[in-house]
Amino acid sequence: MLLQSPTLSTKDQEKTPLKFRRKLLSLWLFISALLLVCCIVISAFSQGKIDSIKIVADDNYPPYIFRSEKGELQGIIVDEWKLWEARTGIRVHLEGYHWDKAYHLMLAGKADVLETVFFNQERAKIFDFTNPYAKLEVPVYYHNSLSGIKDIQTLRGFTIGVKAGDACISVFRQNGITTLKEYNNYEAIIKAAANGEVRVFCIDRPPAVYYLYKYNLSGEFNYAFTLYTGEFHRAVKKGNTAVFDVVTNGFAKISSNEIDEIEKRWMGVPFIQPQLIRYAIYTLFIVGILILGLVIINILLRRKVEVKTRQLEIAFGELSRSEEKYREIFETANEGICIANATDTITSVNKKFEEMVGFSSAELIGTNFRNLVLPEELADYGKVFEERKSGKRSVFERNLVKKDGGHICALISTTSLFDGKVFLGTIEMLTDITERKISEENLRKFFLGVEQSPGSILIIDINEHIDYANQKSVQTSGYSLSELINSSKREKSEESDYAVRNRELWQLMLQGREWSGEIRSFRKNGEPYWESALISPVRNAKGEQTHAIVIKEDISEKKKMIENLIEAKDRAEEMNRLKSSFLANMSHELRTPLVGILGFSEILSSTLKDQEHMQLAQSIYKGGRRLSDTLNMILDLSKMESNKEIFNPYPLDIGALTREVAHSYSSAASNKFLSLETVIKADKIVAVLDDRLIRNILHNLINNAIKYTEKGSVTIEVGTEIHKKKTWAYIKVQDTGIGIHEKNIDLIFEEFRQESEGFGRRFEGTGLGLTIAKKATKMMNGVISVESTVGVGSTFKVRFPVFEQRQDTDPAAGAQA
Ligand code: ADP
């Protein structure tokens, strides 16, 4: 502290006049002046005789204290001290230094007051501090290019620009941050920041703001955080209460308004006037209320929304579940479902629909439903579709094309969908009625068949009421349909045999049995007629008998015809018997004289010498022989037909027998220059046969073969063969003769029938040989067959079951069985 002699002003004393009054006045004035001087002197003494004061301060702490362009100190503190000086009358020597220097000058006792000083415990040991007069933040700033700096710990590793002697240094060090770069003053830090020397710095907010704006760096550096908040004090040497009091008393004389005025001057007038601030506060208050209201409304709304959301979630869940359910119903429905839009383009189909038409959903979706309609039904379909647009619900049958080219008949039920009045499309439910249609058609045909049946058909319930009668029933009975339907069968057949046997038949039918037979009925006009009837029970699905079906045929005519036929047959049989008897008698009667003719003609031909007479006798013998053969055959046939043929079968070696018979035809064959060959395939082929009959067969077949063959050969073969798992003995007579037309194959086995008949026939014969051969073969359980080609030849074959030793020892019995 520097104490300087105070500079006092004195007033010259006037010399008083001699006159008393003047003397008195002069005395009063003198005393007054004396008193005044005394007061001043006392006053000067009472103030510790401080007439000037030296203050040191940081000269680089804008806007509190800093130097102008000219180097003069300026700022809030400068102005405040000027005012202090004016108020106290004590001269103020305010000196600005680098803070460090100012601080050390103060320590060295070369100043009375240290300005712009922050309080700390260390300083408190050496200084007395006035009350704080300004609150100051000490923030950390960082360059835009950096990030992540948010507290003191995040500063590790960064070089931090600080002012030498600044209180922040000890704060950093206490927190372990030692990478500090000290500068003489704040401006130097800002300049270092401007040229990139440091990117992080710590400067009290007021000078920081001042210099950042001054050097146009406010856009490049960001406020990171406030390291601490300090307060500006004024400090005097510890215990220097005189100065402390002078300083504090002096500032007590300065009103806060005056201080505000000074600060305003240096810090600028706030943009917003107090009035405006008040309005702003009101506005803010109202806005706050509104915001609060809005917040409350918001909270309420949020709760409502949450409740609604929960409800929606539940509803959505239910909707999803129900949609899932409907989708499942849609997919598993037994009906085909097809959804189409307003242009009838398919938008969705279910599985059943796919199965019905054979197309996959991918093939169907996007195509027009019309593509599935048969071309001949398109016009009608178009009409129905137009009706649907007007909301008309329709059910119709439609034939649809299937993928495999076939078609199905579907019963379609459509529902139109609307959004207001706008037609959206249709939902079509399809039932495949193809089978039903076929059944209906079959039923229709069946019904028509029954209805138009040539037989009478009646369906009668178990109470004997006629449920159904077809047209023929009406025609045959003469009753009208309603007369038949509305009456019981008993009434209608009261007069008939059927009625007579009614109870019995009905009982049979009720037992589930069928009855068939002939019944005599009466028409409405009383005319009797015969019917062939079949009565069958009709059962329901449970197997219970509910009805009977009666199928009848008017057989009056047929019956008459059969009666006639039976009569004719009886007559024919009688005639046949007579014929056989006649033939037998005639044969006998003719044979007796014929024996004489043959005998005598034979004698004559051997005794007559005359050649001509001898030839005549031979002709008589030949004609007689032929007549005898014919008679024998007629006789044989008669015997067979009248069952008078004596039949005596026993095992015969048919090979040897055939060879013997064939041999007798050697000369006949050689006469016609034919080769006759007999082939026996096995040593002994035995069959149970009647000797006479088998010889008869062989004679007929070999005789015919030679007779109907002009050139070539006749081959007779005997062997065995397996036919239908049975061993047969066969005799085959094969020729190279004229052959037989296929159409006549059956005919030649009939009696008296020949291929060539009438007067123009080429060959002699009776047409009885094969008839007898067939009958004889049949009698011996054999079969005769022929294969023939006209111009090539014929093969006749007879087969008989082979006799086997292990068979019954009584062959005759076996053969006749
Ligand atoms: P027929 O006395 O006329 O020979 P058949 O009953 O023996 O009488 O024969 C009937 C007919 O069958 C013959 O008239 C003949 O037309 C025909 N027929 C029989 N055997 C032969 C054969 N081997 N070749 C051609 N035709 C034959």
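The basis for the numbers below is simple: all heavy atoms, side chains too, and nothing from hydrogens, waters or symmetry mates. Whatever order the structure lists ligands and atoms in, that order sets their numbers, starting from 1.
For Gly765, no nitrogen or oxygen atom sits less than 3.5 Å from a nitrogen or oxygen atom of ligand 1, counting backbone and side chain alike. The distance criterion of under 3.5 Å between nitrogen or oxygen atoms is not met by Gly739 with respect to ligand 1.
In this structure, Ser794 has a heavy atom closer than 4.0 Å to ligand 1. In this structure, Asn700 has no heavy atom closer than 4.0 Å to ligand 1.
Ligand-side atoms of ligand 1 in range of Ala705: 23 (N), range being under 4.0 angstrom from any heavy atom. Set against the non-hydrogen atoms of Lys707, the atoms of ligand 1 under 4.0 Å away are 1 (P), 2 (O), 4 (O). Counting atoms of ligand 1 from 1 in the listed order, those under 4.0 Å from a heavy atom of Gln754 are 1 (P), 3 (O), 11 (C), 14 (O).
With hydrogens and angles left out, the side-chain atoms of Glu531 and Ser521 include a donor and acceptor closer than 3.5 Å. Side-chain contact annotation: Ser439 with Asn442, donor-acceptor N/O pair under 3.5 Å absent.
Side-chain atoms of Thr736 come within 3.5 Å of backbone atoms of Lys711 as a donor-acceptor pair (strictly under, hydrogens ignored). Side-chain atoms of Thr777 do not come within 3.5 Å of backbone N or O of Ile784 as any donor-acceptor pair. No donor-acceptor pair under 3.5 Å is formed between the side chain of Asp690 and the backbone N or O of Ala776. Of the possible polar contacts, one joining the Thr607 side chain to the Leu604 backbone as a donor-acceptor pair under 3.5 Å is found.
Geometric assessment of Arg520 against the ring of Tyr529 yields a negative cation-pi assignment under the 6.0 Å and 45° thresholds.
Which of Ile748, Asn704, Thr795 comes nearest to atom 12 (O) of ligand 1 through a heavy atom is settled by distance: it is Ile748. Residue nearest to atom 13 (C) of ligand 1, selected from Phe796, Tyr708, Phe752: Tyr708 (by heavy-atom distance). The closest heavy-atom contact to atom 1 (P) of ligand 1, among the options Ala773, Gly793, Ser788, Gly767, comes from Gly767.
Taking CH2 of Trp728 as the start and NE2 of His723 as the end, the distance is 6.5 Å to the nearest 0.5 Å.
Between Phe749 and Phe796, the angle of the ring planes goes over 60°, which puts this pair in the perpendicular group of the 30/60° scheme.
Of the heavy atoms in Arg753, only backbone atoms (N, CA, C, O) come closer than 4.0 Å to ligand 1. Heavy atoms of Leu770 found under 4.0 angstrom from ligand 1 belong to the backbone as well as the side chain. Residue contacts with ligand 1, taken as heavy atom pairs separated by less than 4.0 Å, do not involve Phe749 at all. In Leu768, the part holding a heavy atom less than 4.0 Å from any atom of ligand 1 is the backbone.
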